[in-house]
Structure formats: C-alpha cells, structure tokens
Amino acid sequence: MQPEFLENGPAVLIERRKRCLVIADPHFGVEADLRRHGLYFESGTKARLQRLLTLIEETSPDYLIALGDLKQMIPYVSYQEKTEMPVILQKIRELTEFRLAPGNHDTGLEHYLKKGELLSPTGAVIDDTGYFHGHTIPAPELLGHLILCGHHHPVVNIYDSVGCALRGTPGYLLSEIDTREWGETKEPTRVLLVPAFYELAGGMDVRLIPGNKVSPIAKAIKTETAEIFLKDGTYVGRFDELRPDPLEE
C-alpha cells in the first residue's frame, strides 16, 4: 500500500480493501474565532467545502476520514459552526461515509454526528491503517500500523546553496516512532503527519516538530528514519538532508 498524495487537498488516498480519503484540520468556522480577535473575514466554508466535495467526487472513496479539528472554536460550538456544520456533514454524507478522529477543537460535535461516525479520541484502525488526530498518545491497537495524524500542521521550508527559499508550503513528514516513549515495545510503527486542509492554517516547520512538546507523537519521532514530501507527493529528501534557514546561521 502506497499513500497517494492529492495536491488539491492537501489530502491522502489510502487504498487497501477500502478506499479512504483522508484530510486533517479543516477548521470550519475559523472566521468566527478570528472576529473575536478583531479580524473580519467572510466565511470561507463554501469554497473549502467545495474543494473537499470535488476531491470526494474525483476519488470515489468508501470513507472520508477527517483527522480532527473539523471545527475551530474551543471549548464551545459557535453560532457560525451551529449554522454551517449540519450543511457540511449532509453534503459529505451524500457522497460517501464519514468518520471523524476527534481533535482538541472538536468539543460539542458529537451532537451533529450519526452513530459510528465519531472515532475514539485515541484513534482507530480502519482497514489495517491507524487514524487519529495526534494530540494524545495513540491507542495500543494503532501501534504496528501506519498511523495518519493531523494536529501538527507541518510545512516545509527549502533553501538552496545561495539562500533562495520555498517557504511555508504544506508538506508531509513520514517517520518511524519510538513507542518505548509510552512503555510499548511493538515495532515498527510509522506515522504520517498530514498538513492542514484549511488553506490559511500556516503551520510548523517540519524541522522543528521532532522532539517538540506539541504532542506525544512529536516527541517520539525517529529523525534518522524521517522523510519529507511536498503536498503533491514530490519527494524532498531525508530529514537530515534539510538545509537550515540561512538566517539561523
């Protein structure tokens, strides 16, 4: 099984016995949160949802799996989310089955989901692949599988020998993790960090994720096995081949 990276996402298609279209961190309703901080934007939900529906139509998956942070507001559901979420979910359900691996932003969404759509906060295995948001220690049954997770919003910064840069482009980090961090010895376990579907999310430089306190997964990443991909699947290289930011030097 080879993950297929979909540039118009970012999104991943995982195909074994079932076809699973996977996205992370769409953050629907983010504009309401921005307004709380004095930033006024029209809702981007319609365009973001259409981008997602187009991906579903193009790939014909058995499942759409969202790796958490389907919505934005913490710790409640905003008026924007209350208004938009039923429409979002209905449009998705018209095309495929839906599953949500809940993230730290998803409080209150259980009221909008149907039976079987909400996975455990510590993740679930679907068709021999693990799925979870990434802000907790994954459930033991995920270990030994490839695990896809969100939460980290990975981006790639690429510098050449003269300092020219590709900055802040969404990218993927694929690596083995050291499960001994959690008292487990089941090996090998690989994790694929999926970039945010929300188009203005920004993110964390992949060079800064391993060892970071942002999650138990980040602390467990084995950099010696880590590889980096751009959102269209272009192979960047091994983690230890990434050039540092010239400004850091």
Side-chain angles (χ1 to χ4, degrees), residues 6 8-12 20-57 59 61 63-124 126 131-136 148-155 170 193-204 214-215 217 231:
L6 306 175
N8 292 333
V12 186
C20 296
L21 177 64
V22 186
I23 65 167
D25 302 281
H27 288 274
F28 287 110
V30 65
E31 296 82 12
D33 196 15
L34 293 174
R35 284 194 293 273
R36 295 171 62 214
H37 297 86
L39 302 172
Y40 294 88
F41 293 87
E42 291 185 5
S43 172
T45 291
K46 184 175 180 180
R48 198 172 312 132
L49 177 59
Q50 186 54 56
R51 184 157 51 94
L52 176 55
L53 297 177
T54 299
L55 281 171
I56 296 172
E57 291 171 343
T59 56
Y63 299 101
L64 170 70
I65 302 175
L67 301 175
D69 290 358
L70 184 66
K71 74 175 188 71
Q72 168 67 18
M73 200 67 79
I74 300 175
Y76 56 90
V77 181
S78 70
Y79 177 77
Q80 179 184 351
E81 292 164 347
K82 290 177 182 178
T83 302
E84 295 179 344
M85 194 54 62
V87 177
I88 293 167
L89 293 170
Q90 181 58 37
K91 292 290 186 181
I92 292 171
R93 291 168 182 145
E94 289 173 359
L95 297 178
T96 189
E97 292 192 40
F98 178 66
R99 299 291 185 270
L100 172 65
N104 49 303
H105 283 253
D106 290 325
T107 51
L109 274 188
E110 61 274 9
H111 302 295
Y112 299 87
L113 298 174
K114 293 183 178 180
K115 184 178 180 180
E117 290 184 335
L118 186 64
L119 305 178
S120 167
T122 57
I126 299 175
Y131 300 98
F132 91 128
H133 179 58
H135 62 306
T136 65
L148 276 69
C149 71
H151 184 61
H152 301 82
H153 295 209
V155 298
L193 303 188
V194 179
F197 192 81
Y198 170 40
E199 62 280 0
L200 299 179
M204 181 180 293
V214 68
S215 75
I217 284 286
K231 71 174 185 176

side-chain contact (heavy atoms from CB on, under 4.5 Å) between Leu100 and Leu113, intermediate numbers included:
CA-CA 9 Å; Leu100 172 65; Leu113 298 174; 3.9 Å; yes
Those residues that, when tested against Glu199, pass salt bridge (Lys or Arg N to Asp or Glu O under 4.0 Å) (two or more places apart)
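Glu199 satisfies salt bridge (Lys or Arg N to Asp or Glu O under 4.0 Å) with Arg48, Arg51 once adjacent residues are dropped.
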Could you check Leu55 against Leu6 for side-chain contact (heavy atoms from CB on, under 4.5 Å), going step by step and ending with a plain yes or no?
CA-CA 8 Å; Leu55 281 171; Leu6 306 175; 4.2 Å; yes
Hey, are the side chains of [X] and [Y] touching, using non-hydrogen atoms and a 4.5 Å cut-off?
X: Val194; Y: Cys149; result: no
X: His152; Y: Met204; result: no
X: His105; Y: Leu70; result: no
X: Thr45; Y: Val87; result: no
X: Asp25; Y: His133; result: yes
X: Leu119; Y: Ile126; result: yes
X: Thr122; Y: Phe132; result: no
X: Asp69; Y: Asn104; result: yes

Under 30°, 30 to 60°, or over 60°: which ring-plane class applies to His27 and Tyr198, parallel, tilted or perpendicular?
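His27 and Tyr198: tilted rings.
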Walk me through whether Leu193 and Ile217 qualify under side-chain contact (heavy atoms from CB on, under 4.5 Å).
CA-CA 9 Å; Leu193 303 188; Ile217 284 286; 4.1 Å; yes
Nearest 0.5 Å, please: how far is [atom2] in [Y] from [atom1] in [X]?
X: Glu117; Y: Tyr112; atom1: CD; atom2: OH; value: 14.0 Å
X: Leu52; Y: Phe197; atom1: CG; atom2: CZ; value: 4.5 Å
X: Ser78; Y: Met85; atom1: OG; atom2: CE; value: 8.5 Å
X: Ile56; Y: Thr54; atom1: CD1; atom2: OG1; value: 9.0 Å
X: Leu53; Y: Ile92; atom1: CG; atom2: CD1; value: 6.5 Å
X: Arg99; Y: Leu118; atom1: CZ; atom2: CG; value: 10.5 Å

Least distance between heavy atoms, [X] atom then [Y] atom:
X: Ala201; Y: Ala196; result: CB-CB, 3.6 Å
X: Leu49; Y: Phe28; result: N-CE2, 4.0 Å
X: Ala24; Y: Leu67; result: CB-CB, 3.9 Å
X: Ser215; Y: His151; result: CB-CD2, 4.1 Å
X: Gly68; Y: Pro26; result: O-CD, 3.8 Å

Residues in side-chain contact (heavy atoms from CB on, under 4.5 Å) contact with Glu57, at least two apart in sequence or another chain:
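Partners of Glu57 by the side-chain contact (heavy atoms from CB on, under 4.5 Å) criterion, ordered by chain and then number, come out as Leu95.
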Qualifying salt bridge (charged side-chain N to carboxylate O under 4.0 Å, His left out) pairs, either residue in residues 102-114, two or more places apart
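Qualifying pairs, neighbours excluded: none.
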